[in-house]
Student: 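Just dropping this structure here.
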Number of protein chains: 2
Amino acid sequence: MAITENTEITEAITDAEWAVMRIVWTLGEADSHTIIDLVSQQHDWKAATIKTLIGRLVKKGALATTKNGRQFIYTPLIPEQAAMDTALTSQLDQMCAMCRGQAFVNAIDQTELSQTDIQELITHLQEKLTTAPTTITCDCLPEGYEGSC
Amino acid sequence: MAITENTEITEAITDAEWAVMRIVWTLGEADSHTIIDLVSQQHDWKAATIKTLIGRLVKKGALATTKNGRQFIYTPLIPEQAAMDTALTSQLDQMCAMCRGQAFVNAIDQTELSQTDIQELITHLQEKLTTAPTTITCDCLPEGYEGSC
DNA sequence: GGTTAGAGTTTACATCTGTAAACGTAAAGT
DNA sequence: ACTTTACGTTTACAGATGTAAACTCTAACC
């Protein structure tokens, strides 16, 4: 007797759907009017388009609905940070293991980070350094093949 | 008089196409037989499928072809690191600016990095720290709205 | 109580992706 | 020269995604 069926929270959120989720994550909950209003100010999408995105997010278990009079209140069923982690990690997982470090360097270079963020990253990295391997092997070729990019 | 038409190197590489690109990036160049052979060992795809992917990559300007007898030699037209950066950055760009730091922390936690990588990251971060803002504002809502996630 | 507006649902449709068979053609072997 | 191979191209097709109109109700207003 689960509250929500929660068959599998793990349906990937598409690029367009991210825009909707960000609104709901930030507000905590929102009705469709609010979502449509705010998303329209960021993207040149018709209300109908945003309705479709909301519907798909509900169907894929990313948003919960609570009846409120004639309309629904939408709330996130998956945490924002978890969605971000999943998105980043799946992207990284398909890249050469050996090159991921450099990818981080470049991504971090191009990202505005707060002093606190940076300090936390440094701390984590220093901790990670204590158990880090000397080298990471390129995993672009199948088992048994040599090569590195 | 460009060597290659290079209309726009910026066509995104899809998940399946990454598998092909990684082989070519690692080998520097490869004929289709080699690509099909190696990719088949990593993915349960038919040769025809891999041929399709190669064809699409050529069409979208990610791979160059050089005739060699009855077949082609394929070479990357976009650098691996650039593709990785683009993929990561576009992912990050659609996430809340305020949460990106934490996303990095989590992603780095789940990624194996070499001592050298980590040290380079720390150095970069220490450098970045000198000009970092105290806080990053949540940019999930449209201009003029308050809110943070 | 009848009308209406607006919320959610259905339907639509082109393009992109993943996956693959079929085909045309020229090189390679006999 | 003839056949076979196999490389690249064309075609196929279902499901995902972006984008949006049309439709169905029911709650709200007069």
Side-chain angles (χ1 to χ4, degrees), chain A residues 8 10-24 29-75 83 86-87 90-91 93-94, chain B residues 8 10-24 29-75 83 86-87 90-91 93-94:
Chain A
E8 224 179 282
T10 328
E11 294 242 27
I13 292 166
T14 72
D15 289 351
E17 288 163 1
W18 266 89
V20 171
M21 289 305 293
R22 286 179 65 179
I23 299 295
V24 186
E29 58 171 56
D31 55 31
S32 71
H33 176 268
T34 306
I35 297 175
I36 290 172
D37 181 31
L38 296 177
V39 173
S40 312
Q41 289 178 56
Q42 304 173 302
H43 300 268
D44 194 21
W45 295 337
K46 297 279 150 41
T49 302
I50 302 168
K51 285 189 196 180
T52 300
L53 296 174
I54 294 174
R56 288 183 183 162
L57 285 165
V58 171
K59 184 191 301 187
K60 72 173 55 167
L63 289 179
T65 56
T66 313
K67 195 117 208 167
N68 173 270
R70 81 305 203 94
Q71 66 186 42
F72 284 147
I73 303 291
Y74 298 94
T75 44
T86 301
S90 10
Q91 196 65 243
D93 281 348
Q94 87 187 328
Chain B
E8 225 178 282
T10 328
E11 294 244 30
I13 293 166
T14 72
D15 289 352
E17 288 163 2
W18 266 90
V20 171
M21 288 306 292
R22 287 180 64 180
I23 299 295
V24 186
E29 58 170 59
D31 55 31
S32 72
H33 175 268
T34 306
I35 297 175
I36 290 172
D37 180 31
L38 296 178
V39 173
S40 313
Q41 289 178 57
Q42 304 173 302
H43 301 267
D44 195 20
W45 295 337
K46 297 281 151 41
T49 301
I50 302 168
K51 285 188 197 179
T52 300
L53 297 174
I54 295 174
R56 288 181 184 166
L57 285 165
V58 170
K59 184 192 301 190
K60 71 172 57 166
L63 288 179
T65 55
T66 313
K67 195 117 209 165
N68 175 270
R70 79 314 201 93
Q71 67 185 40
F72 284 145
I73 302 293
Y74 298 94
T75 45
T86 301
S90 14
Q91 197 65 242
D93 281 350
Q94 87 186 329

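Proteins get letters first, then strands, A, B, ... in listed order; numbering begins at 1 in each.
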Student: Nearest-Å distance, NZ (A:Lys59) to P (D:dG15)?
Tutor: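 These atoms are roughly 13 Å apart.
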Student: Starting at atom CD1 of B:Ile13, determine the distance to atom C1' of C:dG18, rounded to an integer number of angstrom.
Tutor: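 It works out to 16 Å between those atoms.
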Student: Once you build an axis from the first five pairs and another from the last five of the helix from C:dG1-D:dC30 to C:dT30-D:dA1, how far apart in angle are they, to 10 degrees?
Tutor: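 Terminal axis comparison yields 10°.
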Student: Could you go through residues 32-39 of chain A and list every donor-acceptor pair under 3.5 Å that involves a side-chain atom there, pairing it with any protein atom two or more places apart or in another chain?
Tutor:
from, atom 1, to, atom 2, distance (Å)
A:Thr34, OG1, A:Asp31, OD1, 2.6
A:Asp37, OD1, A:Gln41, NE2, 3.4

Student: Tell me, do B:Val24 and B:Leu63 make a side-chain contact under 4.5 Å, heavy atoms counted?
Tutor: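 Of all side-chain heavy-atom pairs linking B:Leu63 with B:Val24, at least one is under 4.5 Å.
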Student: Strictly under 4.0 angstrom, non-hydrogen atoms only: write out the protein contact profile of nucleotides 20-30 of chain D, one letter per nucleotide from the 5' end, B, S or -.
Tutor: BB-----SS--
Student: May I have the distance from B:Trp18 (atom CH2) to C:dT19 (atom P), rounded to whole angstrom?
Tutor: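 The distance from CH2 of B:Trp18 to P of C:dT19 comes to 17 Å, rounded to the nearest Å.
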Student: Would you say D:dG18 has OP1 or OP2 under 4.0 Å from some side-chain N or O of A:Thr14?
Tutor: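 Yes.
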Student: For the backbone of B:Ala12 and the side chain of B:Lys60, can you confirm whether one donor and one acceptor N or O come within less than 3.5 Å of each other?
Tutor: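 Yes, B:Lys60 side chain to B:Ala12 backbone: donor-acceptor pair under 3.5 Å.
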Student: Return the value, rounded to whole Å, for the distance between atom CG of A:Asn68 and atom C1' of C:dG8.
Tutor: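 Atom CG in A:Asn68 sits about 14 Å away from atom C1' in C:dG8.
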Student: Roughly how many Å is it from CG in A:Leu63 to P in C:dG8, rounded to a whole number?
Tutor: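 Answer to the nearest Å: 11 Å.
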Student: NA contact type, B:Asp31, heavy-atom cut-off 4.0 Å: base, sugar-phosphate, or nothing?
Tutor: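 Nothing, no nucleic acid heavy atom in range.
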Student: For the atom pair OG1 (A:Thr65) and CD (A:Glu29), what is the distance rounded to the nearest 0.5 Å?
Tutor: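 Rounded to the nearest 0.5 Å, the OG1-CD separation comes out at 12.5 Å.
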Student: What is the separation between atom CD1 on A:Ile54 and atom C1' on D:dT19, rounded to the nearest whole Å?
Tutor: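 So the two atoms are 14 Å apart, to the nearest Å.
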Student: Enumerate, atom names and distances included, each donor-acceptor pair closer than 3.5 Å involving a side-chain atom of residues 44-59 of chain A, sequence neighbours excluded.
Tutor:
from, atom 1, to, atom 2, distance (Å)
A:Thr52, OG1, A:Ala48, O, 3.1

Student: Using the side-chain contact (heavy atoms from CB on, under 4.5 Å) criterion, which residues pair with A:Thr66? Sequence neighbours excluded.
Tutor: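 Applying side-chain contact (heavy atoms from CB on, under 4.5 Å) to A:Thr66 gives A:Ile73.
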Student: Nearest whole angstrom, please: distance from the C1' of C:dG6 to the CD1 of A:Ile35.
Tutor: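 Atom CD1 in A:Ile35 sits about 15 Å away from atom C1' in C:dG6.
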Student: Let me spell it out: for each of A:Ala16 and B:Tyr74, pick the nucleotide of DNA chain D with the closest heavy atom. Which residue's pick is nearer the 5' end?
Tutor: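 The answer here is B:Tyr74.
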Student: Taking only side-chain N and O atoms of B:Thr65, does any of them lie within less than 4.0 angstrom of OP1 or OP2 on D:dG8?
Tutor: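 For B:Thr65, the contact criterion (side-chain N or O under 4.0 Å from OP1 or OP2 of D:dG8) is not met.
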Student: Between P on C:dT17 and CD on B:Glu17, what's the gap in Å once rounded to a whole number?
Tutor: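 Spelled out: CD on B:Glu17 to P on C:dT17 is 7 Å.
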Student: Just verifying a value: how many Å separate A:Glu17 CD and A:Arg22 CZ, rounded to the nearest 0.5 Å?
Tutor: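 Here the rounded value is 14.5 Å.
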Student: Of the nucleotides D:dG8, C:dG18, D:dC7, which has the atom closest to the B:His33 side chain?
Tutor: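 From the listed options, D:dC7 comes nearest.
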Student: Between B:Met21 and B:Ala62, what is the shortest heavy-atom contact and its length?
Tutor: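 It is CE-O, 3.5 Å.
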Student: Tell me, which pairs form a ring pair (Phe, Tyr, Trp, His ring centres under 6.0 Å) where one or both residues lie in residues 53-75 of chain A, sequence neighbours left out?
Tutor: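 Residue pairs passing ring pair (Phe, Tyr, Trp, His ring centres under 6.0 Å), neighbours aside: none found.
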